[in-house]
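Let me begin by presenting the structure, written as structure tokens, before commenting on it.
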Amino acid sequence: MSILSGLNPAPVWTYFVEICKIPRLSKNEGKIRTYLLEFAEMHNLPSKEDSVGNILITKPAYPGFENTKTIVLQSHMDMVGEKNSDYPHNWLTDPIVPFIEDGFVRARGTTLGADDGIGIASQMAVLTDSGIKAGKIECLFTVDEETGMTGAMNLQRGFFEGKRLINLDSEDEGILFIGCAGGMDTIGSLKYKSIPVRDGSAGIEISVTGLRGGHSGDEIHKGFGNSVKLMTRILRSLQEKFGISVNRFDGGNLRNAIPREALAVIAADNTVKNEVIEWVMAFQNILNGEFGEIEKDLRIAAKEIEVPSTVMNRDSQARLLNSLNCCPHGVIAWSHEMDDLVETSTNLASVNFAENNVIKIITTQRSSIESSKHDVAGMVESCLSLAGAEVIHSDGYPGWKPSLKSEILKITRKSYIRLFGKEPLVRAIHAGLECGLFFEKFKGLDMISFGPSIRGAHTPEEKIEIKTVQMFWDLLIDVICTDQS
Ligand SMILES: [Zn+2]
């Protein structure tokens, strides 16, 4: 007997427990693919696989419903593998061990994989439920959503027929998602000249730490500090007031995170070194005044260290600091159509003194409107190329522009009100979903995304709220069984 038996809806949880036993990290989906294909065969359901490993399993229409519109249910097969450092877990062989705690299901020491295992389990429950009176249902399972969306990216036109798709990969019960942002990277490589440090110089290390950071999509509008921007401000002021020279400046590391820390090494004339350190320490008060409670752990520090042997020459230093200073960061535009939706943003993600006197500057742009994404990427490119940097853009992925006129939205909203007696929230997210790729590729596809409540996804604290799984299931079945004609 499984620890989760007794939870409702029983078929969804039964399949979820099965899936937990199958290792399925991104790019290692072989076992779950085999499992799904065997499942289809066992239940006499037509299935197919494409060249990148996406799977489609089809449930024929209920007798008499052959003329009802086909509906596509979509989830992703892979999961993020994060674990507590002291928990022994082999991601290629070991099962996830779920347990119940305070109304939630979570896992021992690891991510639970409810993102998107609960989507997969509910598709399997739909496929094996003989009582669902609906037209043909196509269940699409994509590979590798979490590390590049290559499954969705390589999906071929015609792999499924339905013109309405429900994405089962969102994490907030009570919210219907109808749009997402596309994203791309803009990366600058700036060559610089170094010169020997002047005699009579002192070395000083400056650090910016303790910022909140956060996801560059979901949290870009929260006004958190950007360590690269703050360090740039400090260095420009010190350049102006004390004529300091920069030896190196590194900050940020993940392209999709707002940078939390930065470290710089500078050379200052011995006669002003104490003043420089005092000025930096005092700058903390100015920043506290600007950020207040929102960045209460922010810490600016400076200390004397060994003198570096070289520093940037004047011209290189000015070009670096000017370009970082004018490079935009944060929200560029809010949606005119949907309240509280960031439409376009950019994240100045990191600066790094790499080998061969090259500085790498990494930035990411997001927008639910494709042309706006390219517009802001161009803005960033201008700042970097004015400084003499070589700039490249990644291909990125497209957004899904929300439409309040969507039929599947109307159907789902009505179902939600009928079932739960209240209005659902209708939102778009400022982060990527596979729907953006479907939106671009399958013109006219009508889509919506909803799911049960999952907290702490992509961390060992990931948990799914049990009561919302039943609500999610009731809504899903109601929408599927609504006349889709
Ligand atoms: Zn997911």
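Predicted, not measured: the structure shown is a model, and the values here were computed from it. All ligand and atom numbering here is 1-based and tracks the order in the structure. Just so it is clear, the values below take in all heavy atoms, side chains as well, and ignore hydrogens, waters and symmetry mates. Count residues from 1 along the sequence.
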The Zn ion (ligand 1) to nearest N/O/S of Asp116 less than 2.8 Å: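 Asp116 does not place any N, O or S atom closer than 2.8 Å to the Zn ion (ligand 1).
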
2.8 Å cut-off met by an N, O or S atom of Asp169 to the Zn ion (ligand 1):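 Yes, since at least one N, O or S atom of Asp169 sits under 2.8 Å from the Zn ion (ligand 1).
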
Charged N-O contact under 4.0 Å between Lys463 and Glu465: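 Salt bridge flag = no for Glu465 with Lys463.
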
N-O pairing of Glu423 and Arg413 below 4.0 Å: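 A salt bridge links Glu423 with Arg413.
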
Metal-centred angle, the Zn ion (ligand 1) as apex - NE2 of His76, OD1 of Asp115, 10° resolution: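 It comes to 100°.
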
Enumerate, atom names and distances included, each donor-acceptor pair closer than 3.5 Å involving a side-chain atom of residues 112-123, sequence neighbours excluded.
residue: Asp115; atom: OD1; partner: His76; partner atom: NE2; Å: 3.1
residue: Asp115; atom: OD2; partner: His458; partner atom: NE2; Å: 3.0
residue: Asp116; atom: OD2; partner: His76; partner atom: N; Å: 3.0
residue: Ser122; atom: OG; partner: Ile118; partner atom: O; Å: 3.0
residue: Ser122; atom: OG; partner: Gly119; partner atom: O; Å: 2.9
residue: Gln123; atom: OE1; partner: Ser75; partner atom: OG; Å: 2.5
residue: Gln123; atom: NE2; partner: Leu73; partner atom: O; Å: 2.9
residue: Gln123; atom: NE2; partner: Leu140; partner atom: O; Å: 3.1

Note, Thr459 side chain near Glu82 side chain (heavy atom, < 4.5 Å):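 The answer is no; the side chains never approach within 4.5 Å.
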
